[in-house]
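Just so you know, these numbers come straight off a predicted model, no measurement behind them. Naming: A, B, ... by sequence-line order, numbering from 1 per chain.
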Amino acid sequence: MYGIAMAKGLLVTLKNLTKKPFTVQYPEERLKQHPRFRGEEFVWYEERCTGCASCAKYCPLGIIKIVTTPSETAPAQGDKYKLELFDISIERCMFCGLCVEACPYDALFMGSGFEQGQYSRKGMVIDIDQLRNADKRPSAFFRPQLEDAGYDPQGGRPLDWQEVGRESWQWHEREKAGMKIARPVPSDLLADGPRVDSSFVEDSVPEPKATDGPAPAGDAE
Amino acid sequence: MDCVLAPDNILHDTLLFRVIYEWVGQLLPCGLSYAVAGIAIMLLLVNGVLLGAGGFSWLERRLIGRFQNRVGPNRWGPFGALQPMADLFKLLFKEDLVPRGADRIVFTIVPVAMMAPVVLMMAVVPFAKDTALANLNVGVLYVLAVTSITSIAIFMAGWASDNRYALFGASRGVAVLISYEVPVVMSLLGVVLVAGSMALDDIVSAQTVPFLLVQPMAFFVFLAGTSAELNRTPFDLAEAESEIIAGYHIEYSGVKFALIQATEFGAVLTSSAVMVTLFLSGWSGPFSDYLGWAWFLLKIGVLAFIFSWVRATFPRLRIDQLLAFAWKFLLPLSIINLFATALEVYFLRNDAGMLTTNDLWLMAGINFGVAFACLLTFGTLIQDKVRPAKSLTAASLSSPEVG
Amino acid sequence: MLFQDIVFWILSVMAVGAALGVVLVPDLFRAALLLAVVFVAVAGFFILLSAEFLAVVQVLIYVGAIAILIIFAVMLTRDVKHGNLPNRLQIPAVVFATLLLATLVTVAVDTEWNFLPAEQQERVDLVQTGAVTTLTGDLLTESGVAVEDQPEVQKAGLADLLIGDFVLPFEAVSVLLLAALIGALALVRPSPGSRRG
């Protein structure tokens, strides 16, 4: 009959009155982000950085400005530059993470905060002192060693420069040794620690099954 | 000095006016106190409408939020109650632009011309026993006449903006308005027939059974028609925010826009007041001698809730669907209602021309049956015919005939 | 009475000023709006004469429908901001308008306008304001009409007159409206050969 559908629609809306609204009252409450979340901040480990400026070269927008001088204390070749200037302008940054992908030394990570609003354009440039003093909670974006270790940047502790590199990651060691290991990473290669619940992320890596053993160590090239 | 209002003065029956007049008349000369009493009641009405508009805008945003599973504005003041003030201040501080080719005088008058019918309509509505500002003998017709002034104001808004898209929006808005005036007028004729008088006070007294029950089809037609005249969703094609042409008020900014928005919300409250008086038996209820105004406000609140509920639920109609709804659905319904009501009143009326309460219940029963039958008939008649899609086979694709 | 005189003069100034504006203002849209102002002023006059029903009907029909019709026509015309184009009929129009004005002024001034005695005036007021209420016997007795006069007063209501004595013009007007409506529909109908039809 004409109008029954309209009445049903009205009833649905009326029932919504009795349900609890799912509004998150920002800024008192915040939604939890997933570990690979690319925030508006950057985490930079000066101890790992050599001043190669690969991040500046890879940036599609050209917003990273690096000025280096040869280091006075290190030998002339094979060591780090001294960084005078390391500016990242987040005014035009699109947070693509290509700079993070480019860094060969795992010195640059995406941060996981998103509340960098400033009142002036000058405040939108992250300079080297800010990077040095920032809170070192790196996002697990493009850093499988952090993700497989189950690190949660939103709730975990700040990490030191020794703990974040690829060299501590077992798969990297085995790959260097010529083994091929299938993903998902078998459980005996994972670090112990709390797993984070990323079930709401659609393409999250499923939990590895305990029965899978490592693939045969053949086809090594 | 004791100033007494003569009994043939039209304002004699308005208790509020007489009380203010006699009270002020002890201090001031009588002519002056007449003017003062009039201005006092006028201020009461205007402020009531404007404050009500602000309050209703807050209520509607909270309600629509809850209907959509979210919280409405809740930052300014407790439960966001100062949000209308925040909106008002924002609009006050905005730049007041007048387009270069626009007609300045007409452009400036338009917000006032849109607000005037809303306030004027409140003049005849009785809030409580004996408390309408002007208990006109032709109250219902006055309400309809004042509503028709809105069309001119919309035209003024569209033309004075020097913007052809505003003109398109205004033309559509006026087309909708004049299309929906006809079924609204005819539905009110049924109410006048049953009550036997056009004075709103008499109509409230005649509602021993609320006319919502005695005239269900008239109520539905009046509700739908008023929604369209107020440009409320689902009929708000002329001024919806997501239309590319935001309608006739596209060139208005600042205080003028604030007044137009206040008009829109105030008109909802005023039309609800008229609807309460005509169909929901106005200020009557238990203890209506003292609490008549409270019942009145409560019923307006219920109708405002229904308006917000409908707005949160239904999608918008296209302009051709709007006009088809008015001319092909509402108009036949209102004519049939008028016919049925006229027959019932003619046969059930006693010698003095009055209808008793039992007669009203009988009419209610018959009218509900008529309403159901009409809804079925006209509902099927007005449905869009949906052709079933032809299944795509290789034969149909390779044949040379087109769709 | 002073109050009514003041209101009368205000309305007269408004009506005459707006009427002059309709004719003299070059912008056609503003002229149409001033015409609406004239209609509202005339409605005010009706209220002064205690004919509330006519006043409200005047606003409803003239302002609510006819003024809108005129504004629609103005909008569909091009180049309305500069007023009328010059034409050759200006001198004959002035002559004709002056003659018409002279005729109307003579008729208005020379007529014997009668003022009714007080009790008849009351009865007229009752009939006019009660035009849309059922004038029951009790209402009439309350208002001081003698019992033998009641049927005559009851039959003098506007509705009774329209359906009783003046039913032929009433029905003729409705036939005229029907013809106009059908004519309008016939004008805008798409031609039978078109694809939309």
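Residues of residues 74-83 of chain B lying under 4.5 angstrom from chain A, judged on non-hydrogen atoms, are B/N74, B/R75 in numerical order. Residues of residues 23-31 of chain A lying under 4.5 angstrom from chain B, judged on non-hydrogen atoms, are A/T23, A/Q25, A/Y26, A/P27, A/E28 by number.
Counting heavy-atom pairs closer than 4.5 Å to chain A, the top residue among B/V71, B/N69, B/T313, B/L63 is B/N69.
Using modelled atom types, one finds a donor on one side chain and an acceptor on the other under 3.5 Å when comparing B/T341 with B/Q215. There is a side-chain donor-acceptor pair under 3.5 Å between B/Q68 and B/R70.
More than 12 non-hydrogen atoms from other residues, nucleotides or ligands lie less than 6.0 angstrom from CZ of A/F95.
Both the backbone and the side chain of B/F67 come within contact range of chain A, each with at least one heavy atom under 4.5 Å from a heavy atom of that chain. Only the backbone of A/K20 comes within less than 4.5 Å of a heavy atom in chain B; its side chain stays farther off.
Of all heavy-atom pairs between B/V268 and B/R232, the closest is CG2-CD, 3.6 Å. Between B/S187 and B/N337, the closest heavy-atom pair is O-ND2, 4.4 Å.
By the 6.0 Å and 45° rule, A/K136 stacks over the aromatic ring of A/Y45.
Proximity of A/W44 to A/I128: side-chain heavy atoms (C-beta onward) are separated by under 4.5 Å at one or more points.
We find that B/R62 and B/E60 are not joined by a salt bridge, their nearest charged nitrogen and carboxylate oxygen being 4.0 Å or further apart.
The aromatic ring centroids of A/F109 and A/F141 lie 6.0 Å or more from each other.
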*Does the pair B/F222 and B/F279 meet the rule for a ring-ring contact (aromatic ring centres under 6.0 Å, His included), with working shown?*
CA-CA 10 Å; B/F222 192 75; B/F279 289 100; 5.7 Å; yes
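Classification of the A/F37-A/H34 ring pair by plane angle, with boundaries at 30° and 60°, yields perpendicular.
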